[in-house]
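Encoded as structure tokens, the structure appears first; notes follow it.
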2 protein chains.
Amino acid sequence: MAGLRIIPLGGLGEVGKNMTVYEYGDDMVVVDAGLAFPRDEQLGVDLVLPDFSFLSDNAERVRAVLLTHGHEDHVGGLPYLLRRVPIGHIWGTKLTLALVQSKLDEHGLLRAAELHEADPEGDPVDVGPFRLEWVRMAHSIPDTAAIVLETPGGRVVHTGDYKIDHTPVDGMRTDVGRLADIGNRGVDLLVGDSTNAERPGVTPSERVVGEAFRQLIPVRTGRIFVSSFASNVHRMQQAIDVAAEVDRKVAVIGRSMRKTLNISRNLGYIKIPDAMLLKPHELEEYPRGKTLVLCSGSQGEPLSALTRIAYNDHPATSVERGDTVIISAKPIPGNELRVHDTINGLARLGAEVLHEENAVVHASGHANAEELRTVLSLLRPRCVMPVHGEYRMQAAHARLAEDAGVDPRNIVIAENGSVVELTDDRIAIVDQVQSGVTFVDGLGVGDVRDVAIRDRQRLSEDGVVIIVATLAASNGGAVSPPELIVRGVGDAQPIIDELRAEADNTLRDCLAQNITEIKLLQEHIHDNVGQVLYDRTGRRPMILPVIVEV
Amino acid sequence: MAGLRIIPLGGLGEVGKNMTVYEYGDDMVVVDAGLAFPRDEQLGVDLVLPDFSFLSDNAERVRAVLLTHGHEDHVGGLPYLLRRVPIGHIWGTKLTLALVQSKLDEHGLLRAAELHEADPEGDPVDVGPFRLEWVRMAHSIPDTAAIVLETPGGRVVHTGDYKIDHTPVDGMRTDVGRLADIGNRGVDLLVGDSTNAERPGVTPSERVVGEAFRQLIPVRTGRIFVSSFASNVHRMQQAIDVAAEVDRKVAVIGRSMRKTLNISRNLGYIKIPDAMLLKPHELEEYPRGKTLVLCSGSQGEPLSALTRIAYNDHPATSVERGDTVIISAKPIPGNELRVHDTINGLARLGAEVLHEENAVVHASGHANAEELRTVLSLLRPRCVMPVHGEYRMQAAHARLAEDAGVDPRNIVIAENGSVVELTDDRIAIVDQVQSGVTFVDGLGVGDVRDVAIRDRQRLSEDGVVIIVATLAASNGGAVSPPELIVRGVGDAQPIIDELRAEADNTLRDCLAQNITEIKLLQEHIHDNVGQVLYDRTGRRPMILPVIVEV
């Protein structure tokens, strides 16, 4: 009989959109369903999803989606997956499910699947032939877990994202005792996080960031802004704790930040007294030295709270000389220039900006090399499959496994779409299934339920509109009216003229407001032209604003 | 009478294209004439230069260009400046002048200016009312110097780029004794490098990298590749020294790398016995474990040696399992993803890749905060003007100056185009001159002498060609023939058809050779379409290939 098969559909050779299928006999489960954010050269794309074709072709065999934690690169693709593939059951820990529930609600998919709470302290559960256990792991979002999948074909530990934090903020340590216990039972395959495999030593504890807050915040006299990933609940809690000690009120700015805070607070993952919380418009009623603002935008995302503050364009708040901004995050590769632009904007407005290059205000959520060695020692797996990360990280993880005594023939560096088969005497790539990317465009336009899921089929239906605008670099003025390339939208000249006029007006409006940053201009043109097109035709072509400085 | 005026035209609020004008009475000198490389959103641009209008308007008053060192961001704009503004005299240290001479030769400008060697150990020289001294500084290229400009209007120290390296590879330390002496004479203004002002502590010595080479190279058995900036002569020397110790032959790959090596070797700045040097095609005659390759491409530049090796597309050499690649550089902000792509490509081919994230194979050439404090203590300047770097870095340098006891009213954070006036009792921004950027496009096309210097005036003459090509992300195939937007090139349909056909053929050729990386596709389309257009019309419009994955 065929062995256990592991089929990664995302997250290998790349960062983001993690998704792995486990197949045993007639049954499949999917671990995680993430999304990625596009690279700059992927013009006109808002989100990147795994290709769901393989799951769609095997829909009746998929028993459940199992989630390791609530980060977007592990759960963000779920609504799109459920729309394409009917999967009735989703398993995850409490906070993960709460975040997923809110997401499904936004997409009108609350009834699409039954949500089952996984308990890392509870008994194993059976899903088809898979006996499942969740093991508590520390990471940059609470309630993270590894998943142990046991079948007659072998016992697999799928770590998800993790670090070994011996002093996590919530006291919920990576359960090394449990991992040792599973190691003693015998592990056939470790499917393990490779993100920081190239980094020597050990990742600092999340608590180190709290200690930095405790040194930095009390001595500041102006307003303090702390920006991090909205999901980094422990980071928020640590900033709130220090704010409480120095008697500062806290306001939360940014939709995703507020949403996560509310969900986490309702479930008891974050603690803040009502009296400490301000609404954004109440900020001005307090002295600047008595307020702290938690805000999104730590990646320099266009139109995010911190970016708008940096361009002095936020309706609720602003920075002044004497204020301090703590960017408590590391730029995701590709976002460096945007983050630098944000820092420069804030510095120009007079703020002191603390970020990972000049203060210890961030700690990674991923295990470094020594932690990976620890896990290899605890589990002593027969086979190892490095996942989560670019090829170089997988390769570094493979070297660590070899150092730990794993037979090199039992170490597999797979790619998305590889079918990896585990049998009693070997592990090997035995087949290849369709994999790749699906693009999502249109988040900027209207409600998220209307989002266009774009693949090759859909593109030919909805078409493309490319808008080329030319600016004078010396003074930021428009050189000539925008030009349009329209494909597959229908060639009705009146609509094209209207779109061109809309693009032209948007550009002029932006320039009149001194909005000259190319990313912002692109966003505004994209949204406004898309809205006109949707109003007139009910269609959502891909819209690519190309801005040329001459 | 008006005081001394300092007019930065580049390098403030940004990294790159450093250029500063000093004006006293009727005379001006220009310190450095650099260029910058474009950001990704500056489509179709190869190089970014300062706006030379102010100098052009004052051409008869400019006495000389004074150079601090030979890096592109300090000397790369020189040929373009000399074409626009006749300046008869250039001063610089020996290696700097040799690099400039080679550059001017390539542009056919050897007779455009007289080159004067500045001697850091020599007597002061007078250029108009400016009495000039060069002071030896350590940096990531030999023969770097600070410039002291003395006029009746005050004594200025212009540091250029530097670090305080007490153990530089060539023994040429930053001359702290001389700086102390100048400090004792009295410094009215420090115009100082701010690049690493946000980084605490002290930059490691360049020698640290040599120590890493000494640990890493002898234990490796395959071929070793070392990639760094071509101008980093000390880095090359240290790799060569270790290669000599372990009896490896050395080949140099990449045009800029070979050129710099030749110039440096002729002047004695780099030492390598003839018998150790291989031509690239001789590499295969030696066992892999007996060779070391120095190559350019440490920034992941498209079509550079290391990038082509990473895509297994280099005519002279390739990497294999067991080889080691040392990327001895830090990605310039904005280049991170390209460098990551290169690392992944090399790892996929089986190489172990050592880079600044997993080994100590790079040291910065710029002074960290404690070094800036040291220089402030040595010079005790009355006024400080932080230059070289983004706004946040200038702001950090200003804070260090204030900590050092400089009166905050005497610290000026200027912008490009600011006219800063220094008088006996104050320093202030008193005016603003035209500044900004000039784009250069067309390096990929033909000889560098034919390059198009592009500004708004030229654009309307030469026009724009935008080529939009659509690829299927799933399989990299072309979805439909490219479309063109042509402006100002003339609307002759036959030419447009020919350009479209050329773009289509180029795309198909690339895809047939499995070249699917967007940057590479853009380069090839840009070059080929540009060539056809030049052949037919003798013109060089800006060419923007836009590649859309759907």
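Each chain gets a letter, A, B and so on, in the order its sequence line appears, and its residues count up from 1. This one's a predicted model, so the numbers in the text were calculated from it and none came from an experiment.
Options Arg348(B), Glu352(B), Glu357(B) differ in how many heavy-atom pairs under 4.5 Å they form with chain A, and the most are formed by Arg348(B). With respect to chain B, the highest number of heavy-atom pairs below 4.5 Å among Gly350(A), Ala347(A), Ala359(A) belongs to Ala347(A).
Judged by distance alone, the side chains of Asn368(B) and Thr203(B) do bring a donor and an acceptor atom under 3.5 Å apart. Between the side chains of Glu14(B) and Asn416(B), a donor-acceptor pair is found at a separation under 3.5 Å.
Contacts between Glu415(A) and chain B at a heavy-atom distance below 4.5 Å involve the side chain alone, from C-beta outward. Heavy atoms closer than 4.5 Å to chain B are found in both the backbone and the side chain of Pro333(A).
A heavy-atom distance below 4.5 Å is not found between the side chains of Asp51(B) and Leu9(B). Under the 4.5 Å side-chain criterion, counting only non-hydrogen atoms from C-beta, Asn358(A) is not in contact with Arg199(B).
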